[in-house]
Amino acid sequence: MDNDVNWSLTFSLVVASLVLFLLYRYLTSTFTHFSERGIPGPKPVPIFGNLWGIWRVNLPQHDRDLVRKYGKIFGYFDGSNASLWVTDPEIIKAVFVKDFDHFTNRRNMTFESKIVRRMVSSARGQEWKDIRSSITPAFTSGKIKRVSVCLHSYKYKLHSNSNFSLKLKMSTLIKACADQLAVKFDRIATTEGKLNAKIQFSAFTMDVIARCAFGIKIENLGEKDDQFMAKAKAIFNAPVNKTPLAVIPLIYPKLIPILGERLFLTEGFQFFIQLLENLIKDRTASKQKYEDFVQVATEAITEYTKEVEGKSVPKWNVEEIEEIVIAQSVLFLLAGFDTTATTLTNIVFLLALNPEVQSRLYDEIAKKMEFYAEVKHEMLIDLPYVDQAINEVLRMYPPVPRVERECNKDVIYNGIQIKKGTIVTVSSFALHYDPDNYPEPEKFNPDRWNADNKAERNPYTFLPFGMGPRNCVGMRFAMEEIKIALCTIIQQFHFFPVAETPETMQFEKGFMQVTQPVNAVVGIERRTAQ
Ligand code: HEM
């Protein structure tokens, strides 16, 4: 009897060990991918690869440390998926520009939501090319300058309220938002004397997107009862980013539909999809003429054609057009709100710590204002020091910490083989702090960006907006917005460090798509006439 028990126990143990062994072999089967090719890299662990614990780290520092340790080219594993990390400018050029046809897509996240799949950021192959070509005209500087937006007042609810309507040019609209921001700053300067920059700039960039993209003015933005901002913030600073769940889309994307998309497409996300669906339905029902981004994009998408038997026919049917428009509208909001607010926060923070840069910036803007009665599109064209300062902030604190492409054909660069299916990842922080590209990288020095210094630098060492045909489509819009805000507030306010201001920017820990500044508190006072 005892023998039987021992036998079956031994048998069970052998089977369990065999299963575990096979599982281990399966989970680690790709882990020789880089070592076989002589490419160094951190040691991966089963299931997580190199992502174990990533939800607890300071991502910019983590990425810089990795590159410092393993060099400009090394292997990394997102779960069992191979990712080649690159900060070599020549390979960046090849992947993002020269051989773009072999690197058109980002990784496939396999979301089933049609809205997510139709977003230009997640669309793939020919569908990406078609959507991107159709929306690009809406983002050219000519359109940003000329497009006028019909504004509709909007209080927090899911339908727009058309009892107020006003037609304004895009840059005038951004200026109106910046003026409203200046009123808030004035109140803060005279009461508290210190500014929690991220909160105020988030309300500003949300206001700009709502007005310029959707023609709506949200009355209570940034106030206590403002659900609009609360939902948006919940997307970027979601608690899930600090848990192992954050890495599931990377290590095993097929689990997304099994676990339920709602786990990843949070309530905030659903809120904006619903909002935009309603807004577009309202528009279709009304006879009103709109001229904002949604309208420009809708027309461009509707007019987009394909060739069938030598004839041009519409590319998408009515249902597809609605899906594509909603997808891009939600995306503009998501891609444009937090990135731009974070950049403005970082700018004010670095200006507070660098008074000589702040005063040079002030002088340049004040000089320009001698010729212009107010901040406007035309005056932004020739402000070299403003451009230099913004570039330097984007170098030191790029809001999007990693940029990637998926390889769709085996290629070899300088003896480094990149197999089909491999993800190529660039850590913007590591690239921007490489002393080969930027001597004394910790130093905030806008002069790095003067014409002479810039001409000497390899352009593939600066990726705050990504690179190549799939770079940030909203870059011009973001720069217009940042410059209008900066010119408006720097003229009126002076920023300086206070006891709470950290010596260097602190970032939220966790696996963030947009690097979140924490405690970016600076002193603020109204400038006296100079
Ligand atoms: C300072 C502000 C911003 C920064 C730093 C930023 C950064 C980026 C980066 C790094 C990418 C990835 C590019 C690549 O893979 O090469 C990207 C893509 C994108 N951005 Fe931005 N962005 C900003 C503002 C905006 C704004 C205001 C909008 C829209 C109104 C926008 C819309 C997009 C879209 C749609 C994509 C995906 C493009 C595609 O896949 O074809 N971004 N952005």
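Both ligands and their constituent atoms are indexed starting at 1 by order of listing. The first residue of the sequence shown is numbered 1, and numbering continues consecutively from there. All of these numbers come straight from a predicted model, not from anything done at the bench.
- Looking from atom 30 (C) of ligand 1 to the surrounding protein, the closest heavy atom is F139 CE2, 3.7 Å.
- Against a heavy-atom cut-off of under 4.0 Å, R470 is close to the following atoms of ligand 1: 13 (C), 14 (C), 15 (O), 16 (O), 39 (C), 40 (O), 41 (O).
- N354 and Q358 are not linked by any side-chain donor-acceptor pair at a separation below 3.5 angstrom, with hydrogens and angles left out of the test.
- Atom 28 (C) of ligand 1 has its closest protein heavy atom at G474 CA, 3.6 Å.
- Judged by a 6.0 Å distance limit and a 45° cone about the ring axis, R395 is positioned over the six-membered ring of Y438.
- Around atom NZ of K509, no more than 12 heavy atoms belonging to other residues, nucleotides or ligands sit under 6.0 Å away.
- Here Y397 and F507 bring their ring centres to under 6.0 angstrom of each other.
- Residue nearest to atom 42 (N) of ligand 1, selected from G336, S121, S428, C472: C472 (by heavy-atom distance).
- Listed by number with element, the atoms of ligand 1 under 4.0 Å from a non-hydrogen atom of V403 are 14 (C), 15 (O), 16 (O).
- Within 6.0 Å of CD on E319 lie no more than 12 heavy atoms contributed by other residues, nucleotides or ligands.
- The closest approach between a heavy atom of R405 and any atom of ligand 1 is below 4.0 Å.
- Proximity annotation for atom 5 (C) of ligand 1: of G468, P464, S122, P464 comes nearest, heavy atoms only.
- Ligand 1 places these atoms under 4.0 Å from at least one heavy atom of V120: 35 (C), 39 (C), 40 (O), 41 (O).
- Look at R106 and you'll find a heavy atom under 4.0 Å from some atom of ligand 1.
- Closest protein heavy atom to atom 6 (C) of ligand 1: F465 CD2, 3.7 Å.
- The ligand atoms of ligand 1 that sit less than 4.0 angstrom from a heavy atom of G466 are 10 (C), 13 (C), 14 (C), 16 (O).
- Assignment of F337 to the shell around ligand 1 is not supported, since no heavy atom sits closer than 4.0 Å.
- Aromatic rings of Y385 and W449 (six-membered ring for Trp) have centroids beyond the 6.0 Å cut-off, not under it.
- For T342, no heavy-atom contact with ligand 1 is shorter than 4.0 Å.
- Side-chain contact between R211 and C177 is present, with at least one heavy-atom pair separated by less than 4.5 Å.
- Seen from the ring of F429, R64 does not count as a face-on cation partner, given the 6.0 Å and 45° thresholds.
- With ligand atoms numbered from 1 in the order given, ligand 1 contributes 34 (C), 35 (C) to contacts under 4.0 Å with heavy atoms of V473.
- Close contacts of ligand 1 with P399, meaning ligand atoms under 4.0 Å from a residue heavy atom, involve 5 (C).
- When side chains are defined from C-beta on, W85 does not count as touching I423, because their heavy atoms never get closer than 4.5 Å.
- Distances below 4.0 Å separate heavy atoms of T343 from the following atoms of ligand 1: 1 (C).
- At the shortest separation from atom 33 (C) of ligand 1 among protein heavy atoms lies A335 CB, 3.7 Å.
- Between the side chains of Q388 and K454, no donor-acceptor pair of N or O atoms lies under 3.5 Å.
- Geometrically, R106 does not engage W128 in a cation-pi contact defined by less than 6.0 Å to the ring centre and at most 45° from the axis.
- At under 3.5 Å, a nitrogen or oxygen of R132, whether backbone or side chain, sits near a nitrogen or oxygen of ligand 1.
- Between M467 and ligand 1, a contact under 3.5 Å exists for at least one N or O pair.
- Protein heavy atom closest to atom 23 (C) of ligand 1, with residue, atom name and distance, is T339 OG1, 3.4 Å.
- A salt bridge is defined here as a Lys NZ or Arg NE, NH1 or NH2 lying under 4.0 Å from an Asp or Glu carboxylate O, and K420 with D410 fails to meet this definition.
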